[in-house]
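One structure below.
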2 protein chains.
Amino acid sequence: MDRGSWNGDSMTADARPAAPALTERQEARRRRILHASAQLASRGGFEAVQMREVAEAAGVALGTLYRYFPSKIHLLVATMQDQLQHLHTTLRKRPPAGEDAAQRVAETLMRAFRALQREPHLADAMVRALTFADRSVSPEVDTVSRLTTAIILDAMGLEHPTPEQLSAVRVIEHTWHSALITWLSGRASIAQVKIDIETVCRLIDLTAEPDRG
Amino acid sequence: MDRGSWNGDSMTADARPAAPALTERQEARRRRILHASAQLASRGGFEAVQMREVAEAAGVALGTLYRYFPSKIHLLVATMQDQLQHLHTTLRKRPPAGEDAAQRVAETLMRAFRALQREPHLADAMVRALTFADRSVSPEVDTVSRLTTAIILDAMGLEHPTPEQLSAVRVIEHTWHSALITWLSGRASIAQVKIDIETVCRLIDLTAEPDRG
DNA sequence: GCCAAGTCTGAAACTTGTTCTAGATTAGCG
DNA sequence: CGCTAATCTAGAACAAGTTTCAGACTTGGC
């Protein structure tokens with residue numbers, strides 16, 4: 001699905017089609033809100049992010065919070081965008097060093113996974129919001145998905161992936177999200193997530209460019 | 001506290017420690033509740049399943065509903081167990097006919113997918129509940145997972161899967177759940193889900209028993 | 001049949017996400 | 001500066017999930 005064509009070169013993921021050019025104070029408010037959200041999420045996960053508390057911690061009125069983020073899910077998905085942006089930047093500085101594409105992707109995802117393990121509550125809030133989001137949050141979720149895709153393609157070292165390869169990437173993303181869910185809900189161990197990631201990354205080998213052998 | 005009702009004919013994951021043997025009237029109440037839940041879900045999806053309405057439609061008091069199912073998520077996950085049971089039974093009667101394991105698994109999942117397409121709202125309620133469930137619902141979610149695994153292994157025609165094959169099955173399940181989510185939230189088409197299922201099923205080929213070639 | 005323990009009902013109360021309103025503040029502009 | 005539209009604030013109000021409780025009803029044991 002190639003619905004978006006907004007400028008993607010800078011990694012700013014400027015998700016709004018017509019971002020109404022916030023004033024400085026508004027930009028600051030937005031940052032304070034996202035910061036408060038991440039802070040509360042880090043403490044107690046999804047349920048600890050309570051809109052009244054976010055508003056208070058960010059120093060804005062409840063109505064204002066809802067003007068910036070029309071629901072708790074929107075807020076948490078935006079928080080995830082924010083975090084992914086950081087990760088992407090970090091990864092670009094120190095790219096994975098594996099032999100083949102599958103290894104590099106697995107390494108990249110395991111790095112992301114370790115980052116999440118350091119803030120499991122935050123991970124809980126973000127991932128639960130992401131998978132619980134309904135249609136009204138689709139544009140934002142899609143942005144997260146595109147970011148994730150970009151990270152994986154970076155790891156694969158591909159500029160112009162084939163449709164087959166894009167399918168493999170989508171399946172990897174599916175596995176990534178769902179494996180995180182099972183880990184967060186205590187139904188799978190860290191080791192198991194690792195295995196699942198490595199398993200799904202073998203799909204990449206199946207779609208290696210034929211002209212490379 | 002109750003849930004032991006589904007002694008399936010088959011190897012139903014009968015993991016409950018002590019199902020307190022419901023009386024007939026209790027069993028009937030439980031059925032009415034699950035029926036009301038599925039009914040409301042079929043109409044309007046996750047949000048249409050409102051606990052007060054379920055209670056009224058089932059003819060029980062709100063407190064009773066909560067005694068049977070300690071949360072809306074528990075209720076919907078139990079609803080999914082119920083539906084999966086049906087599916088499993090149906091599939092056993094008419095097993096998939098593909099050439100190799102990968103084809104049979106893909107066919108099975110596509111059959112399930114078509115069933116869900118007939119009740120997209122119900123699918124929405126069940127799948128969203130399943131992925132949103134937190135630790136307190138782990139046992140029930142695990143039961144759903146085991147049922148799904150059983151269905152996939154049936155399609156593969158395996159009695160004693162290797163650890164590698166189990167990994168592949170887990171990844172298939174991940175993809176299945178996550179692809180459903182993207183479809184339900186309108187971010188992927190039916191065709192795309194099909195492709196993702198077929199893509200991930202190719203993993204099975206990688207784990208074919210070595211002594212078979 | 002009768003009692004104790006457990007269960008069910010009806011209704012109110014509580015929690016947290018979301019919406020609404022009236023008035024204060026701010027931003028942009030002539 | 002003074003005006004107007006947009007934004008922000010405080011707080012009430014509303015919606016739906018969840019909890020609680022007093023009293024009525026069932027159940028199982030005697």
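Note on naming: letters A, B, ... go to the chains in the order of the sequence lines (proteins, then strands), and numbering restarts at 1 for each one. Remember, predicted model here, so these are calculated numbers, not experimental data.
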Minimum-distance pair of heavy atoms, taken over all atoms of A:Ala38 and A:Gln83: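 Looking at all heavy atoms of both residues, the shortest contact is CB-NE2, 4.2 Å.
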Heavy-atom closest pair, residues A:Ser185 and A:Arg187: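 Here A:Ser185 and A:Arg187 meet closest at OG-NH1, 2.6 Å.
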Under 3.5 Å, which donor-acceptor pairs do the side chains of residues 188-197 of chain A form with other protein atoms, sequence neighbours left out?
residue, atom, partner, partner atom, Å
A:Ser189, OG, A:Ala191, N, 3.4
A:Ser189, OG, A:Gln192, N, 3.1
A:Lys194, NZ, A:Glu198, OE2, 3.3
A:Asp196, OD1, B:Arg170, NE, 3.0
A:Asp196, OD1, B:Arg170, NH2, 2.7
A:Asp196, OD2, B:Arg170, NE, 3.2
A:Asp196, OD2, B:His174, NE2, 2.9

Salt bridge (Lys or Arg N to Asp or Glu O under 4.0 Å) against B:Arg29, all qualifying residues, sequence neighbours excluded: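 With neighbours one apart ignored, the set is empty.
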[X] [atom1] - [N] [atom2] separation (whole Å):
| X | N | atom1 | atom2 | result |
| --- | --- | --- | --- | --- |
| A:Lys72 | D:dG17 | NZ | P | 15 Å |
| A:Glu24 | D:dC8 | CD | C1' | 18 Å |
| B:Tyr66 | C:dA12 | OH | P | 18 Å |
| B:Phe69 | C:dT7 | CZ | C1' | 16 Å |
| B:Leu75 | D:dT18 | CG | C1' | 14 Å |

Contact check, side chains of B:Asp154 and B:Leu91, non-hydrogen atoms, under 4.5 Å: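 Side chain of B:Asp154 against side chain of B:Leu91, heavy atoms only: no contact under 4.5 Å found.
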Interface residues of residues 36-56 of chain A with DNA chain D (non-hydrogen, below 4.0 angstrom):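 Contacting residues: A:Arg52.
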Close residues, residues 119-128 of chain A, relative to DNA chain D [heavy-atom separation under 4.0 Å]: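 Residues of residues 119-128 of chain A under 4.0 Å from DNA chain D: none.
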N-O pairing of A:Asp82 and A:Arg31 below 4.0 Å: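 A:Arg31 and A:Asp82: salt-bridged.
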Pair B:Arg202 + A:Glu164, salt bridge at N-O below 4.0 Å: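 A:Glu164 and B:Arg202: salt-bridged.
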Determine all donor-acceptor pairs shorter than 3.5 Å in which one atom belongs to a side chain in residues 49-56 of chain A; sequence neighbours excluded.
residue, atom, partner, partner atom, Å
A:Gln50, NE2, A:Glu47, O, 3.4

Side chain to side chain contact (heavy atoms under 4.5 Å, CB included) between A:Leu34 and A:Leu75, worked out: CA-CA 7 Å; A:Leu34 285 175; A:Leu75 172 57; 4.1 Å; yes
Partner set under ring-ring contact (aromatic ring centres under 6.0 Å, His included) for A:Trp176, not counting sequence neighbours: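 For A:Trp176 there are no ring-ring contact (aromatic ring centres under 6.0 Å, His included) partners, ignoring immediate neighbours.
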Separation between OG of B:Ser71 and CG of B:Asp134, rounded to the nearest 0.5 Å: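 If we round to the nearest 0.5 Å, B:Ser71:OG and B:Asp134:CG are 7.5 Å apart.
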Side-chain donor/acceptor of B:Thr207 to backbone N/O of B:Ile204, under 3.5 Å: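 Between the backbone of B:Ile204 and the side chain of B:Thr207 there is a qualifying donor-acceptor contact (under 3.5 Å).
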Pairs under 3.5 Å (N/O, protein and nucleotides 25-30 of chain D):
none

Pairwise ring pair (Phe, Tyr, Trp, His ring centres under 6.0 Å) hits with a residue in residues 60-87 of chain A, at least two apart: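 Every pair satisfying ring pair (Phe, Tyr, Trp, His ring centres under 6.0 Å) with a residue in residues 60-87 of chain A: there are none.
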Residue pairs passing the salt bridge (Lys or Arg N to Asp or Glu O under 4.0 Å) test where at least one lies in residues 57-76 of chain A, sequence neighbours excluded: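 Found none.
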Using a cut-off of under 3.5 Å, enumerate the N/O to N/O pairs linking the protein to nucleotides 1-3 of chain D.
none

Donor-acceptor list for residues 119-131 of chain A side chains, cut-off 3.5 Å, not counting sequence neighbours:
residue, atom, partner, partner atom, Å
A:Asp124, OD1, A:Arg128, NH1, 2.9
A:Asp124, OD2, A:Phe46, N, 3.1
A:Asp124, OD2, A:Arg128, NH1, 3.3
A:Arg128, NE, B:Phe132, O, 3.0
A:Thr131, OG1, A:Val127, O, 3.4
A:Thr131, OG1, A:Arg128, O, 3.4

Give each protein N/O atom lying under 3.5 Å from an N/O atom of nucleotides 8-11 of chain C, with the pair distance.
residue, atom, partner, partner atom, Å
C:dC8, OP1, B:Arg29, NH1, 2.7
C:dC8, OP1, B:Tyr68, OH, 2.9
C:dC8, OP2, B:Arg67, NE, 3.4
C:dT9, OP2, B:Ala61, N, 2.9
C:dT9, OP2, B:Thr64, OG1, 2.6

